[in-house]
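Note that the numbering runs from 1 along the sequence shown for the chain. Below, all heavy atoms of this structure are taken into account, side chains as well, without hydrogens, waters or symmetry copies.
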Amino acid sequence: QVQLVESGGGMVQAGGSLRLSCAASGRSLRTYAVAWFRQAPGKEPEFVAATRQNGMSTNYAGSVKGRFTVSRDNAKSTVYLQMNNLNPEDTALYYCAAGQRVILSSISTLSSYDYRGQGTQVTVSS
C-alpha cells in the first residue's frame, strides 16, 4: 500500500506561484509513475502533469504547459508541482496519483493509477 499526502496549496493572486508536494509513505515512489490531477467544483477530474519512474519523462496538459513543472525526488519519495503564472482557471482541488503499470498512452487517465491522495486546495483570485 502507498499513502499519498499532498501539501502546499493555498490562496494566491493571479500571476502568483505555488509549489505543491506529494509525499508517499508505505513504499518508495521509485517504481511508480506519479501524476497530478485537479478537480474544480462541478467538473470532471482533469489531468495536469505526470512524471515517469525515472523522472526524465514528463507530460503536461496543454493548459499548463510552460507554466507548471513536475519533478520528483525519489530519495524523499516526494513529487512536486511548481505552478507559476497562476490564473483563476487553475482554481481546483489538486491531488496526486501513483501507479506502477501506467503506459504512456494512458498517462492522463486517472483510472490508470493505483493510489491517490486526498488533495490540497488551490484558489487563485483575479
Original post:
Can Phe37 and Tyr113 be said to form a ring-ring contact (aromatic ring centres under 6.0 Å, His included), step by step?
Top reply: CA-CA 11 Å; Phe37 291 83; Tyr113 297 85; 5.7 Å; yes
Original post:
Under 4.5 Å between any side-chain heavy atoms of Leu20 and Tyr80, yes or no?
Top reply: no
Subject >> Value rounded to 0.5 Å, distance of OG in Ser111 from CZ in Arg116 >> reply: 12.5 Å
**OP:** Mind listing the closest non-hydrogen atom pair of Ala92 and Ala40 along with its distance?
**Re:** CB-N, 3.9 Å
Original post:
Taking all non-hydrogen atoms of both residues, which atom of Leu29 and which atom of Ala98 are closest, and how far apart?
Top reply: CD2-CB, 4.1 Å
**OP:** Would you give the length of the straight line joining atom CZ of Phe47 to atom CG of Leu110, rounded to the nearest 0.5 angstrom?
**Re:** 11.0 Å
Subject >> CD on Gln121 to CD on Glu6, rounded to 0.5 Å >> reply: 12.0 Å
Subject >> Close side-chain approach of Asn84 to Ser17, heavy-atom, < 4.5 Å >> reply: yes
Original post:
Mind checking whether Val122 and Met11 have side chains closer than 4.5 Å, heavy atoms only?
Top reply: no
Original post:
Does a donor on one side chain and an acceptor on the other come within less than 3.5 Å for Asp73 and Thr78?
Top reply: no
Original post:
Between atom CD of Glu46 and atom CD of Gln39, what is the distance when rounded to the nearest 0.5 Å?
Top reply: 10.0 Å
Subject >> Verdict with supporting geometry, Val70 and Val79, side-chain contact (heavy atoms from CB on, under 4.5 Å) >> reply: CA-CA 7 Å; Val70 62; Val79 172; 3.9 Å; yes
Subject >> For Pro88 against Ala14, the heavy-atom pair lying closest together >> reply: CD-CB, 4.2 Å
Subject >> Test item: side-chain donor near acceptor, Arg38 and Tyr94, under 3.5 Å >> reply: yes
Subject >> Verdict with supporting geometry, Gln1 and Tyr115, side-chain contact (heavy atoms from CB on, under 4.5 Å) >> reply: CA-CA 8 Å; Gln1 288 284 340; Tyr115 306 99; 3.4 Å; yes
Original post:
Of the non-hydrogen atoms in Tyr95 and Pro45, which two are nearest, and what is the gap between them?
Top reply: OH-CB, 3.1 Å
**OP:** Could you tell me whether a side-chain N or O of Thr51 sits under 3.5 Å from a main-chain N or O of Thr58, the two making a donor and an acceptor?
**Re:** no
Original post:
Should Thr69 and Tyr60 count as side-chain neighbours, where that means a heavy-atom distance under 4.5 Å?
Top reply: yes
Original post:
Is there a donor-acceptor contact under 3.5 Å from the side chain of Ser106 to the main chain of Ile103?
Top reply: no
Subject >> Atom pair OH (Tyr32) and OG (Ser77), whose distance is rounded to the nearest 0.5 Å >> reply: 10.0 Å
**OP:** Taking the side chain as every heavy atom from C-beta outward, state whether Val48 and Leu81 have any pair of such atoms under 4.5 Å apart.
**Re:** yes
**OP:** Answer whether the closest heavy-atom distance between the side chains of Cys22 and Arg72 falls below 4.5 Å.
**Re:** no
Original post:
Does the Gln82 side chain pair with the main chain of Phe68, one donor and one acceptor, at a distance under 3.5 Å?
Top reply: no
Original post:
Between Thr31 and Gln100, does any side-chain donor sit less than 3.5 Å from a side-chain acceptor?
Top reply: yes
Subject >> Full working for side-chain contact (heavy atoms from CB on, under 4.5 Å) between Arg52 and Ile107 >> reply: CA-CA 9 Å; Arg52 306 301 294 276; Ile107 204 164; 3.3 Å; yes
**OP:** Output, in order, the C-alpha distance, side-chain angles, deciding distance and verdict of side-chain contact (heavy atoms from CB on, under 4.5 Å) for Leu93 and Gln118.
**Re:** CA-CA 9 Å; Leu93 179 70; Gln118 295 297 308; over 6 Å; no
Original post:
Leu86 versus Leu18: any side-chain heavy-atom pair under 4.5 Å?
Top reply: yes
**OP:** Scan Val124, Thr91, Thr123 and name whichever one has a side-chain contact (heavy atoms from CB on, under 4.5 Å) with Val12.
**Re:** Val124
**OP:** Tell me, please, which residues at least two apart from Arg67 pass salt bridge (Lys or Arg N to Asp or Glu O under 4.0 Å).
**Re:** Asp90
